[in-house]
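Data first, discussion second: the structure below is written as structure tokens.
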Amino acid sequence: MLQVQNLTRRFGEHTAVDDVTFSVPSGKMTGFVGANGAGKTTTMRMIMGVLTAHAGAVLLDGRPVTADDRARFGYMPEERGLYPKQPIIDQLIYLGQLHRMSQGDARSRAQELLERFQLGDRRKDKLESLSLGNQQRVQIAASLLHRPSVLILDEPFSGLDPVAVDSMVELLREHTAQGVPVLFSSHQLDLVDRLCDNLVILQRGRLVTSGSGDELRAAAPRRHRLTVSPDAGWVREEAGVRVIDVAGQDAVVELDNDDDAQRLLTAAMARGRVHEFSRIRPSLSEIYRGVSQ
Ligand SMILES: Nc1ncnc2c1ncn2[C@@H]1O[C@H](COP(=O)(O)OP(=O)(O)OP(=O)(O)O)[C@@H](O)[C@H]1O
């Protein structure tokens, strides 16, 4: 497990990351979300050691992360960083060798990853001759080349078409299945919903919340859907009920606890027929929107 403990980073007077603590569990995909400028990139740079933290620590399996640990991390930086004018395969082999792979191993792994991204026949092309989306695929291949022990990916899905997103997702799932902790930032909440077991939400440099989907859902407001006849308008007058929406026979309401839910159901049955009364399971993107207001 990777742990970020009380990380803080200032730029001049501005505190970009302020006492942030969260975990990236092994074998789980953790989505890192927050508005522009929330501090995601700065946090990832501190995890990778490319930016010094002014306070706090990064732990791997309970002990401070070392340079050797970080050499085994896979990192896709925001600024990307491959060379536009060099052939793709040469760059990947070079990077693999920097990660202590043999030339042969680096070549076959690079070839395998490029083929996964349908770029096998472009391997001798210069990076700049590829479309932006394909350049992005090569950047991803670069971060996965050395079979990393931890993956830190800054906006890995931006600019990818749906097919590329799917092959990327499949590759990342293969890594989490082997126990690799994966942290990725994204503004694509639908993807975060689809992929994440775990979520970390930052706002203006501070942690808003973090945890597994189930933990975050348990802490989210309890919304229920009620469908009754003849009409649901009466719920507006019920004590302990916050009405989110009422239209004809349908109402969506927020309740504080199970007792209020039982009271509402009893009231509904006394007034007519109850066609549906169910708890609405919030998506992670709804939770994000809820806590980021
Ligand atoms: N090198 C730097 N010098 C000065 N300020 C910086 C530097 N890097 C980041 N910042 C500031 O720190 C804050 C956090 O930036 P950061 O890039 O970490 O946010 P982010 O959540 O990754 O945003 P985005 O989603 O737009 O990529 C911003 O206010 C940014 O302007």
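The analysis underlying the following values was restricted to heavy atoms, covering all of them including side chains, and did not include hydrogens, waters or symmetry mates. Both counts, for ligands and for their atoms, begin at 1 and track the order of listing.
For the pair R70 (side chain) and I47 (backbone), a donor-acceptor distance under 3.5 Å is present. Listed for the E254 side chain is no donor-acceptor partner under 3.5 Å among the backbone atoms of I244.
An N or O contact shorter than 3.5 Å links T41 to ligand 1 by distance. Looking at G37 next to ligand 1, an N or O pair under 3.5 Å apart turns up. Considering backbone and side-chain N/O atoms, G39 comes within less than 3.5 Å of an N/O atom of ligand 1. No N or O atom of E155 sits closer than 3.5 Å to an N or O atom of ligand 1.
Among protein heavy atoms, atom 12 (O) of ligand 1 sits closest to A16 CB, 3.2 Å. Among all protein heavy atoms, the one lying closest to atom 1 (N) of ligand 1 is F11 CE2, 3.6 Å.
Using a cut-off of 4.0 Å between Lys/Arg side-chain N and Asp/Glu carboxylate O, E238 and R263 are scored as not salt-bridged. For the pair R242 and D260, the salt-bridge criterion is not met [side-chain N within less than 4.0 Å of a carboxylate O]. At a threshold of 4.0 Å, the pair E78-R45 counts as salt-bridged, since one of the basic side-chain nitrogens sits closer than that to a carboxylate oxygen.
With distances taken over non-hydrogen atoms, the option nearest atom 29 (O) of ligand 1 out of R204, R10, H14 is H14.
Between F22 and F32, the ring planes lie tilted relative to each other; the angle falls in the 30° to 60° range.
Side-chain contacts under 4.5 Å among hydrophobic residues (ILVMFWY), followed directly or transitively, place V228 together with L226, W234, V235, V241, V243, V246, V253, L255, L264, L265, M269, V274, F277.
In the vicinity of A35, heavy-atom distances shorter than 4.0 Å reach the ligand 1 atoms 21 (O). Distances below 4.0 Å separate heavy atoms of A38 from the following atoms of ligand 1: 19 (O), 20 (P), 21 (O). The T42 neighbourhood of ligand 1 comprises atoms 9 (C), 14 (C), 15 (O), 16 (P), 18 (O), with distances under 4.0 Å to a heavy atom of that residue. Taking every non-hydrogen atom of E78 and a distance limit under 4.0 Å, the qualifying atoms of ligand 1 come out as 27 (O). Heavy-atom contacts of H187 reach the following atoms of ligand 1: 25 (O) (cutoff under 4.0 Å). Annotation for ligand 1: atoms under 4.0 Å from non-hydrogen atoms of N36 are 23 (O), 24 (P), 25 (O), 26 (O).
Within the 4.0 angstrom cut-off, atom 10 (N) of ligand 1 has one or more protein heavy-atom neighbours.
Contact record, I152 with M48: CG1-SD, 3.8 Å, taken as the closest heavy-atom pair.
In R273, the CZ atom is not crowded: 12 or fewer heavy atoms of neighbouring residues, nucleotides or ligands sit closer than 6.0 Å.
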